[in-house]
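Numbering of ligands and ligand atoms starts at 1, following listing order. All residue numbers in this chain count up from 1 along the given sequence. As a basis for the values below, the full set of heavy atoms in this structure was taken, side chains included, without hydrogen atoms, waters or symmetry mates.
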Amino acid sequence: MKIANFLKECDFSPEEWLELIDLAAQLKAERASGTETQRLTGKAIALIFEKTSTRTRTAFEIAAFQQGAYTTYLDPVSSQLGHKESVADTARVLCRTYDGIEFRGASHDDIETLAEYSDVPVFNGLTDDWHPTQMLADALTIREHVNKPFTEVAHAYLGDARFNTGRSLLVSSAMLGMDVRIVAPKEYQPDTEAIEIAQAMAEKTGARITITDDVAEGVRGADVISTDVWVSMGEPKEVWAERIEALRPYQVNAEVMEATGNPDVIFMHCLPAFHDLNTSIGRDIFEMTGMNGLEVTDDVFESEASVVFDQAENRMHTIKAVLVAALADD
Ligand code: CP
Ligand code: NVA
């Protein structure tokens with residue numbers, strides 16, 4: 001398959017979305033069996049990170065490396081982007097030198113501008129609105145761990161559903177025909193735009209969409225429980241108090257896993273996660289609230305049900321699929 005850009009889920013048809021997941025599974029199998037062939041030899045990819053990253057940056061770098069491509073990492077401090085040079089000018093400069101451009105930043109409009117002004121494919125490594133590479137990794141992980149076709153999988157997401165991960169999860173799950181439940185207090189539920197996109201996808205795939213603030217109803221019969229941090233990158237630390245108050249009942253803990261009634265339910269999280277006191281933010285919040293796990297408790301995070309590190313590994317295989325689909329010569 002050939003893709004022009006990778007900006008958000010709904011730019012693709014459900015069939016194309018599945019094709020990318022299949023390609024990732026194929027590339028992962030090739031890597032495991034020692035039969036991977038390099039399809040991107042001699043290509044160069046610019047990686048622009050306005051926000052911090054562990055998984056996305058390393059996944060892009062190593063996926064490119066394993067496929068024979070070269071990468072350059074650009075952050076706002078060591079490049080001119082933002083303070084001295086516009087997104088449009090940066091796009092027109094980088095596309096003269098690079099075969100592809102990855103962008104992680106706050107504004108989704110910025111990545112759309114980058115794609116508009118760039119002659120080479122642009123890849124979304126996360127914006128405030130969408131996190132589409134994460135969704136391919138999540139789908140591959142579900143395929144590996146839930147012994148059902150996507151159309152029979154019940155996927156419940158608990159927590160802040162207004163941000164990138166929650167919105168993307170709603171749309172991607174609808175594209176895969178799942179029974180998707182967004183479980184969040186009303187003020188943290190997805191916006192109308194995201195819901196309408198998901199509903200349009202559901203009409204094509206037969207997905208069932210539930211948006212509810214009722215945890216018991218939302219998680220009943222779920223095969224997958226997902227969550228994300230309660231305060232996202234770029235938000236001020238002052239919002240922690242209100243966020244904890246609103247989202248505490250939506251914490252993924254043993255009771256929530258039990259309430260699914262499904263002994264085979266798996267737990268997923270895009271990471272990073274606040275599940276113990278081994279981070280400075282985790283310790284600050286503990287001082288403030290006495291909570292030693294936030295969106296997920298440590299016992300669930302460390303349980304047999306948790307597939308979060310397989311999910312993290314799959315970022316590399318799925319990002320590799322995106323790079324191959326966009327940049328490999330025919
Ligand atoms: N899940 C994810 O995008 O992780 P990073 O922020 O570490 O890239
Ligand atoms: N919602 C989170 C996702 C991190 C991968 C954030 O934007 O910080």
Side-chain angles (χ1 to χ4, degrees), residues 6-9 24 45 47-64 71 73-76 102-108 110-111 123-142 157-172 182-184 188-191 194 226-240 243-244 246-247 250-252 267-275 278-282 285 294-296 301 306-320 322-323:
F6 188 80
L7 304 183
K8 55 186 184 299
E9 295 80 359
I45 306 160
L47 308 177
I48 303 174
F49 279 84
E50 280 186 359
K51 293 185 174 191
T52 51
S53 167
T54 296
R55 277 144 292 272
T56 310
R57 175 184 174 180
T58 54
F60 268 97
E61 290 198 7
I62 300 308
T71 55
Y73 174 72
L74 295 160
D75 65 38
E102 179 275 355
F103 175 83
R104 165 174 284 201
S107 159
H108 193 79
D110 277 354
I111 199 170
F123 311 111
N124 182 354
L126 175 146
T127 61
D128 285 352
D129 294 357
W130 306 107
H131 196 5
T133 60
Q134 181 70 52
M135 295 306 121
L136 292 180
D138 291 11
L140 182 60
T141 312
I142 291 170
Y157 173 90
L158 278 69
D160 182 358
R162 308 156 311 155
F163 232 77
N164 39 35
T165 303
R167 299 174 90 239
S168 277
L169 188 144
L170 169 62
V171 172
S172 174
I182 301 295
V183 190
Y188 290 94
Q189 293 177 357
D191 53 281
S226 282
T227 188
D228 185 16
V229 289
W230 288 345
V231 175
S232 284
M233 288 182 278
E235 294 197 282
K237 65 178 191 320
E238 287 69 30
V239 301
W240 269 111
R243 217 47 72 73
I244 288 168
L247 295 176
Y250 298 84
Q251 179 190 60
V252 179
F267 169 71
M268 295 180 65
H269 191 311
C270 60
L271 305 182
F274 293 116
H275 60 95
N278 295 325
T279 64
S280 55
I281 294 178
I285 303 295
L294 296 176
E295 73 274 10
V296 56
F301 186 90
S306 174
V307 298
V308 296
F309 297 111
D310 291 343
Q311 188 182 357
E313 177 191 330
N314 282 337
R315 298 298 307 288
M316 202 280 286
H317 303 296
T318 45
I319 283 173
K320 190 184 283 179
V322 171
L323 295 179

Colleague: Return a yes/no value for V229: is any of its N or O atoms, backbone included, closer than 3.5 angstrom to an N or O of ligand 2?
Modeller: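 No - when backbone and side-chain N and O of V229 are compared with those of ligand 2, no distance drops under 3.5 Å.
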Colleague: Under 6.0 Å from the six-membered ring centre of Y73 and within 45° of its axis: does the NZ or CZ of R57 meet both?
Modeller: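 Satisfied, under 6.0 Å and within 45°.
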Colleague: Rounded to the nearest 0.5 Å, how far does CD1 of I62 lie from CZ of R315?
Modeller: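 If I round to the nearest 0.5 Å, the distance is 14.0 Å.
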Colleague: Answer yes or no: is there an ion pair linking D160 with R243, defined by an N-O contact shorter than 4.0 Å?
Modeller: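 Yes, this pair counts.
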Colleague: If you take all heavy atoms of Q189 and A184, which pair is closest and at what distance?
Modeller: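 So the two residues come closest at NE2-O, 2.8 Å.
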Colleague: Do R167 side-chain atoms and D129 backbone N/O form a donor-acceptor pair below 3.5 Å?
Modeller: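 Answer holds: yes.
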Colleague: Can you tell me if L271 has a non-hydrogen atom under 4.0 Å from ligand 2?
Modeller: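 A heavy atom of L271 does come that close to ligand 2.
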Colleague: L158 and T227: which non-hydrogen atoms are nearest, and at how many Å?
Modeller: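 Closest pair (atom of L158, atom of T227, distance): O-OG1, 2.7 Å.
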Colleague: Angle between ring planes, F123 versus F60, binned at 30° and 60°: parallel, tilted or perpendicular?
Modeller: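 Tilted: the ring planes of F123 and F60 meet at 30° to 60°.
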Colleague: Just to be sure I understand the cut-off, which residues have at least one non-hydrogen atom under 4.0 angstrom from an atom of ligand 1?
Modeller: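 For ligand 1, the residues that come within the 4.0 Å heavy-atom cutoff are S53, T54, R55, T56, R104, H131, Q134, C270, L271, R315.
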Colleague: Please walk me through it: do F49 and E102 pass side chain to side chain contact (heavy atoms under 4.5 Å, CB included)?
Modeller: CA-CA 8 Å; F49 279 84; E102 179 275 355; 3.3 Å; yes
Colleague: Purely on distance, is any nitrogen or oxygen of S232 under 3.5 Å from one on ligand 2?
Modeller: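 Between S232 and ligand 2, an N or O pair is found under 3.5 Å apart.
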Colleague: Distance under 4.0 Å to a non-hydrogen atom of T165: what atoms of ligand 2 satisfy this?
Modeller: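 Counting from 1, the qualifying ligand atoms are 1 (N), 3 (C).
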Colleague: So if I apply the side chain to side chain contact (heavy atoms under 4.5 Å, CB included) rule between V171 and each of E9, M135, K8, which one comes out positive?
Modeller: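 Exactly one candidate clears the test, E9.
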Colleague: Ignoring angles and geometry beyond distance, decide whether N164 reaches within less than 3.5 Å of ligand 2 through its nitrogen or oxygen atoms.
Modeller: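 Indeed, backbone or side chain, N164 has an N or O that close.
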Colleague: So which protein heavy atom does atom 8 (O) of ligand 2 come closest to, and at what separation?
Modeller: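 Of every protein heavy atom, M233 N, 2.8 Å lies nearest to atom 8 (O) of ligand 2.
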